[in-house]
Amino acid sequence: MLKLASWNVNSLKVRLDQVLDWLESTQIDILALQETKLSDENFPLQAFIDRHYHVVYSGQKTYNGVAIISRLPIAEIVTDIPDLEDPQRRIIAVNIGDIRLINLYVPNGSEVGSDKYDYKLMWFEKVRNFIRQQLSQYSKIAVVGDFNIAPEDRDVHSPVEWEGCVLVSPKEREAFLSLLSLGLKDSFRLFHQEEKAFSWWDYRAAAFRRNRGLRIDLILLSDALAAQCISSNIDALPRKSERPSDHVPVWVALNLYTTAEFRFKHPS
DNA sequence: ATGGTGGTCTTACCA
């Protein structure tokens, strides 16, 4: 069994100890991070190396930034979207074992109709083209990250309050469905789930206490990987720690490596 | 109660 997770940490500098603790307590094998908010020269590489992880990252100062932490070796790293000159560090794609993992920090979009909203839709379309190409090349693909899109009304605490707003607007949801139509499944909906399950809550207005959240952190799986998915989960516990991220980690269990195989490949 | 919080090489901008 292999555990694959995604977490928007909203500054890895602030959240490093939480990430290390969470990796230790959950025994996650692969973790995709978003909003590291660190330039590459400031990435806390040694902390992960000391704990025997492989690490790749694509960061910038102050904003954005993505990274992948892995128990298994990482190869075939891509940090730029074809046909898009973009200084914003929002994507990192890698091979880990026979999985192609694509880690996304989708633009927030600010407000419907704004320049940032247009950038979000344009960026998403370019990424969709990239993923379409990747699907022709690899069968076991996971597309994970902070999508900044709540796919359906049941992913929103109050669809009425949020109607037409950024993160749920029809154009964003249409773009998301168009991505799924390439041959990806929202792993969370492969299984029975509790209602009102969210992955992000605004820091303001006691949104977490009142469970006024959205499910915008997702793990999408190609059919070949979906067939090996045992569970898809949201771990809301880290939101209760001191100085939490506004997002919590999401993770899937994949029936990929038996414990014996994993120990053979990675003797401790 | 009609507002808020939190991160960043901050005093503005992003989420």
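Chain letters run A, B, ... following the sequence lines, proteins first, then strands; residues in each count from 1. Values below: every heavy atom of this structure, side chains too, minus hydrogens, waters and symmetry copies.
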List in chain and number order the residues that pass side chain to side chain donor-acceptor pair (under 3.5 Å) with Asn148(A), two or more places apart in sequence or in another chain; answer none if no residue qualifies. none

Does Phe198(A) have any ring pair (Phe, Tyr, Trp, His ring centres under 6.0 Å) partners at least two apart in sequence or in another chain, and if so, which? none

Distance between C1' atoms of dT2(B) and dG6(B) (Å, rounded): 22 Å

Any pair counted as salt bridge (Lys or Arg N to Asp or Glu O under 4.0 Å), so long as it reaches residues 91-110 of chain A, sequence neighbours left out: Asp98(A)-Lys140(A)

Using a 4.0 Å heavy-atom cut-off, write out nucleotides 7-15 of chain B from 5' to 3' as B (base contacted by protein), S (sugar-phosphate only) or - (no contact). SSS---BSS

Salt bridge (Lys or Arg N to Asp or Glu O under 4.0 Å): pairs with one or both residues in residues 108-117 of chain A, sequence neighbours excluded: none

Pairing partner of dT8(B) (Watson-Crick or G-U wobble, both distances under 3.5 Å): dA12(B)

Syn if the chi torsion is within 90° of 0, anti otherwise; quick check, which is dG7(B)? anti

For Phe208(A), give me all partners under ring pair (Phe, Tyr, Trp, His ring centres under 6.0 Å), at least two apart in sequence or on another chain. Trp201(A)

Which value, in whole Å, describes the distance between the P atoms of nucleotides dG3(B) and dG7(B)? 24 Å

Between dC9(B) and dG4(B), how many Å separate the two P atoms, rounded to a whole number? 25 Å

Is it true that Asn10(A) and Tyr203(A) share a donor-acceptor pair across their side chains at a distance under 3.5 Å? yes

